[in-house]
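The chains referred to below are lettered A, B, ... by the order of the sequence lines, with proteins before strands, and numbering in each begins at 1.
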Amino acid sequence: MSAETPARMNRFGPFGGRYVPETLIGALEELSAEYDAAASDQSFVSKVDFLLSNFAGRPTALYHAERLGEEAAHPSIYLKREDLNHTGAHKINNTIGQALLAIRMGKRRIIAETGAGQHGVATATACALFDLECIVYMGEEDVERQALNVYRMKLLGAEVRVVGSGTRTLKDATNEAIRDWVTNVETTHYIIGSVVGPDPFPRMVRDFQTVIGRETREQILEVTGRLPSAVVACVGGGSNAIGIFHPFLSDKEVRLIGVEAAGTGIETGQHAASLAVGRPGVLHGSLSYLLQDADGQVSPAHSVSAGLDYPGVGPEHSYLKDIGRAEYTAVTDQDALKAFHRLSQLEGIIPALESAHAIAYVLDFGAKYRDEGPVVVCLSGRGDKDVSHVAQIEGSEPLI
Amino acid sequence: MISKTFKLLGSQGRAALIPFVTAGYPNRDVTIPLLERLTDVGADVIELGIPFSDPLADGPTIQRSSFEALQNGTTVASVLADLRAFRAGNDAPVVLFSYLNPILAYGLEAFLSDAVAAGANGILLTDLPTGADPKVEATISESPLALIRLIAPTTRFERITKVTHGGSGFVYYISRTGVTGARAELRKSLTEELDRIRSVVSLPVAVGFGISTPEQAASVAAVADGVVVGSALIQALDKGGIDAGADFLQSLRIGMDRG
């Protein structure tokens, strides 16, 4: 059976797949073949590596956060500093790779969806670098709460299309991006920002993001001489989490902990905890845990963090949950906001609200791992983009 | 039932007129009388849309009708109930048109048996392309419902026979890349594209996506076995309710039959 046999299309157990309109099948087959060829083409791989070090600034630091550790009652907490990447988050790891792929396929029009705006900025950046046309779809609500990133995208030469349909957040921005792709598929590549969507996106985005985990594994071994007891990362679609988890999958003693957004509390129904309380369903081209009602209609998600405000999750996370290799928990808006302040004050690092969910988990439960060894937290992005939004939540006037 | 309809029309040298309506739009009470009126004015097969919250293959018109139908409380069960009521007095073939998730949530086997019991003749799932889920596809193929397959302009020639494998009733050719919605212009190369499909597919070929005027319907009917119209019909309903919708569909029928 060839890799392209549809029945086997690189699923993760039962999850994943290619549940898309027929119009896109040809493009997904082409992308899949092109990606497989590129992944084994040394010149492509070197080019990505070169740009990640010389343009994006990799490797990123693994930082021993001593004061955070003191507060969490665990002396050995390390932050993987993805916030130090160019553009301020891990998203650039993926957009550079996909933009180079688009060029290989002769497609010079790029579309993307964005929630927090980090993926939009990273896509706009790669498009500026390679002189590609760039259109970013963003929900109206997110445009309001992430105004800084909207301006950054425009500054980089991208067109930001505001999506006013449905929930006016990441889910509907993704719907609109897929509609654009269905319409312009012959000239356009869709740079999906997370490990979601139809095959090959979940495995391709994962592969571009595993640089996070590969570096982390080497760095922690070098610094502490041992593997961590736990690796913690926030999960919306789940790209930073898969990126840092993946190189540890076969290290059975390393606990992998994904932190979803519990919004105003799981019990309120206003959250984005697809893995915690969703049921498997099909959205945006793949089968995965999904927030949905009894009739199979997708339920609106909620999180203070635009990047986690998504009712679905990457199919590989669904698989890791079901086989018990990774565990998933959820942190409320309130606790994430608290962690946003604590990390700023304890370490002089303002985390993205998304990453603040992972920090909040460690503040609450870090002590649990005290005797088991170091804990690594993926600090997936920096929080400058959230400053105005948080100030507003706390009663100030918008800053910009 | 669907094949019989196409066979009969074919023997008369006519193409099937296939309106799409979103069940529960503009309100729940309209669906049954609307379907009856549409068959009165010349609909041969009906595509009845079960609304989904995230219709990513649909343009603004059907996005809005789906959204409002859900707001009106439309569910899979309520659509099947409407179909059953319509079927009591009308034998026009009905194809249920939706996305996969509401069907999976209902339970695939339960859905298929309830849909058959309600009088459905076929099913079309926009996000279930051939090969996406062989188990689900086989379960549908083995049911009495015809599995309606889609072919797009981007479907490679070698894939076309594969696409229609397990399909029955008719195949739906999406006459352009893009989402659903009325368009001023249709593809000029339609005849050649249909020839290419017919060289390997024996099922009748219906054409949709973008048809909005009697002239377009007539030119498509001249080369295809069926003409699907959705967004333009919904726009007519918006303007003047059932009467306007029926008048619009009749104008297409007249255009098609005049050739």
Side-chain angles (χ1 to χ4, degrees), chain A residues 4-9 11 14 16-30 164-167 171-172 174-188 197-199 279-288 290-300 311-312, chain B residues 50-60 63-64 66-67 70 73-79 98-107 111 125-137 149-156 159-160 162-163 171-174 176-181 209:
Chain A
E4 267 311 308
T5 302
R8 290 283 175 276
M9 279 186 307
R11 284 182 186 246
R18 268 184 201 164
Y19 298 93
V20 294
E22 173 65 25
T23 307
L24 293 180
I25 291 295
L28 291 171
E29 286 174 351
E30 180 197 5
S165 59
T167 56
K171 172 180 77 96
D172 290 275
T174 307
N175 286 340
E176 254 344 277
I178 293 175
R179 289 180 187 120
D180 181 314
W181 205 30
V182 172
T183 308
N184 301 299
V185 62
E186 281 144 309
T187 58
T188 300
D199 179 78
R279 299 193 320 277
V282 172
L283 178 68
H284 297 153
S286 64
L287 177 71
S288 195
L290 177 65
L291 297 178
Q292 54 179 318
D293 67 16
D295 220 36
Q297 307 298 340
V298 179
S299 307
Chain B
I50 300 174
F52 178 49
S53 55
D54 294 82
L56 49 77
D58 286 300
Q63 282 175 48
R64 190 171 40 78
S66 301
F67 178 78
L70 290 172
T74 306
T75 63
V76 174
S78 79
V79 178
S98 194
Y99 290 78
L100 186 55
N101 204 53
I103 308 306
L104 292 182
Y106 189 95
F111 173 81
L125 297 169
T126 311
D127 54 355
L128 185 70
T130 301
D133 198 322
K135 222 169 113 188
V136 169
E137 294 166 69
R149 291 303 203 179
L150 291 156
I151 295 175
T154 52
T155 305
R156 284 177 296 102
R159 183 174 156 84
I160 291 177
K162 217 161 71 177
V163 164
V171 294
Y172 185 153
Y173 180 59
I174 302 166
R176 54 190 302 150
T177 58
V179 294
T180 55
F209 272 45

Exercise for the section: State plainly whether the residues A:Glu22 and B:Arg149 are in salt-bridge range, i.e. N to O under 4.0 Å. Expected result: no

Handout entry: Heavy-atom closest contact (B:Glu137 atom, B:Gly131 atom, distance)
Key = OE1-N, 2.9 Å

Handout entry: Largest heavy-atom contact set with chain B, pairs under 4.5 Å, which of A:Leu24, A:Asn184, A:Asn175
Key = A:Asn175

Practice task
Measure distances from A:Val185 to the heavy atoms of chain B and classify the residue's part below 4.5 Å as side chain, backbone, both or neither.
Solution key: side chain

Completion exercise
When rounded to the nearest 0.5 Å, the distance separating CD of A:Glu30 from CD of A:Glu186 is 10.5 Å

Problem - Heavy-atom closest contact (A:Lys171 atom, A:Pro311 atom, distance) - result: CD-CG, 3.6 Å

Fill in the blank from the handout: Cut-off 4.5 Å, heavy atoms of chain A, and the answer for B:Thr74 is backbone

Practice task
For side-chain hydrogen bond (donor to acceptor under 3.5 Å, both in side chains), just list the numbers for A:Asp172 and A:Thr167, CA-CA rounded to whole Å, side-chain angles, deciding distance to a tenth of an Å, and then say yes or no.
Solution key: CA-CA 6 Å; A:Asp172 290 275; A:Thr167 56; 2.6 Å; yes

Exercise for the section: Among B:Ala152, B:Gly59, B:Ala105, B:Pro129, single out the residue with the greatest number of heavy-atom pairs under 4.5 Å to chain A. Expected result: B:Pro129

Problem - Part of A:Ser165 within contact of chain B (heavy atom distance under 4.5 Å) - result: side chain

Completion exercise
Smallest heavy-atom separation, B:Leu150 atom then B:Val163 atom, equals O-CG1, 3.2 Å

Fill in the blank from the handout: Of the listed B:Ile103, B:Leu128, B:Asp58, the one with the largest count of heavy-atom pairs under 4.5 Å with chain A is B:Asp58

Handout entry: side-chain contact (heavy atoms from CB on, under 4.5 Å), paired with B:Arg159, selected from B:Ile151, B:Thr130, B:Thr154
Key = B:Thr130

Fill in the blank from the handout: With chain B, the option among A:Ile25, A:Thr174, A:Leu290, A:Ile178 that has the most non-hydrogen atom pairs under 4.5 Å is A:Ile25

Exercise for the section: Measure distances from A:Ala294 to the heavy atoms of chain B and classify the residue's part below 4.5 Å as side chain, backbone, both or neither. Expected result: backbone

Practice task
Could you tell me which portion of B:Phe52 (side chain, backbone, both or neither) has an atom closer than 4.5 angstrom to a non-hydrogen atom of chain A?
Solution key: both

Exercise for the section: Go through B:Asp54 and B:Tyr99 one step at a time and tell me if the side-chain hydrogen bond (donor to acceptor under 3.5 Å, both in side chains) criterion holds. Expected result: CA-CA 9 Å; B:Asp54 294 82; B:Tyr99 290 78; over 6 Å; no

Completion exercise
Okay, B:Pro60 and chain A: the region with an atom under 4.5 Å from a heavy atom over there is neither

Practice task
Let me know if B:Leu104 has heavy atoms under 4.5 Å from chain A in its side chain, its backbone, both or neither.
Solution key: side chain

